[in-house]
Amino acid sequence: MGRHRSDPMGIARLLLAALAVLALVALVVIGVRSLSGALSGTAPAPTEAPSPVPSAIEETEEPVPTVLVRCVRERCPTVFLRVAGGDVLINREMDDGEQVRSFEDRLDVVLADSASVSVLVNGEERPPGSPGERQEFTVSRD
């Protein structure tokens with residue numbers, strides 16, 4: 001009777017195939033968990049608390065817009081914002097919490113109801129008008 005010799009290359013191929021299958025299964029499991037977390041809107045809990053790392057983004061301040069208009073009522077009548085002598089940025093009603101901002105040097109602003117919006121000009125709050133009061137003004141970058 002002859003001896004049965006095992007082929008070392010065959011065993012190595014089987015081990016590699018088994019490792020590839022395990023890696024594929026692990027990737028599928030991770031993908032499914034990530035997708036289910038993204039769809040449910042909850043993020044998986046971190047295993048350890050992240051340590052604060054200073055970054056260049058935190059150290060630089062966001063530039064202040066020339067004008068920022070935010071709707072503070074359920075529905076704000078027409079807000080018109082135009083680059084002075086140029087493009088119209090917005091000319092429509094806005095919804096509660098919606099905002100529009102611009103960093104242009106000069107802007108023409110028309111508010112159909114100045115009491116329905118909050119306006120910041122170069123970071124400074126502009127006093128609201130009376131309910132239903134229409135306001136037209138031009139703002140310039142500091």
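Everything numeric in this text was worked out from a predicted model, so none of it was measured. The basis for the numbers below is simple: all heavy atoms, side chains too, and nothing from hydrogens, waters or symmetry mates.
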Determine whether a donor-acceptor pair (N or O, by modelled atom type, separation under 3.5 Å) exists between the side chain of S102 and the backbone of V67.
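Here the side-chain-to-backbone pair does not exist.
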Output yes when a side-chain donor or acceptor of N91 lies under 3.5 Å from a complementary backbone atom of T78, and no otherwise.
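Side chain of N91 to backbone of T78: no pair is present.
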Could you see if [X] belongs to whatever hydrophobic cluster contains [Y]? Use Ile, Leu, Val, Met, Phe, Trp, Tyr and a side-chain cutoff under 4.5 Å.
| X | Y | answer |
| --- | --- | --- |
| V100 | L120 | no |
| L68 | L89 | no |
| V83 | V121 | yes |
| F137 | L81 | yes |
| L107 | V119 | yes |

As an exercise, state the distance from [atom1] of [X] to [atom2] of [Y], rounded to the nearest 0.5 Å.
| X | Y | atom1 | atom2 | answer |
| --- | --- | --- | --- | --- |
| D95 | C76 | CG | SG | 8.0 Å |
| E133 | S114 | CD | OG | 4.0 Å |
| E98 | E93 | CD | CD | 10.5 Å |

Which heavy atom of [X] sits nearest a heavy atom of [Y], and at what distance?
| X | Y | answer |
| --- | --- | --- |
| D113 | S130 | OD1-O, 3.9 Å |
| G129 | A115 | O-CB, 3.3 Å |
| G85 | D108 | N-OD2, 4.1 Å |

Is it true that S118 and R70 share a donor-acceptor pair across their side chains at a distance under 3.5 Å?
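Not at all, the side chains of R70 and S118 share no donor-acceptor pair under 3.5 Å.
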Is there a side-chain contact between R92 and M94 (heavy atoms, below 4.5 Å)?
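Counting from C-beta outward, R92 and M94 do come under 4.5 Å.
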With the side chain counted from C-beta on, respond yes when T66 and N122 share a heavy-atom pair under 4.5 Å apart, and no when they do not.
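T66 vs N122: side chains touch.
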Give the intermediate values and the outcome of salt bridge (Lys or Arg N to Asp or Glu O under 4.0 Å) for residues R141 and D105.
CA-CA 5 Å; R141 192 101 178 119; D105 289 334; 5.1 Å; no
Just do the side-chain contact (heavy atoms from CB on, under 4.5 Å) check on V69 and I90 with the steps written out, would you?
CA-CA 11 Å; V69 179; I90 186 172; over 6 Å; no
Criterion side-chain contact (heavy atoms from CB on, under 4.5 Å) on T138 and V109, from CA distance to verdict:
CA-CA 6 Å; T138 300; V109 181; over 6 Å; no
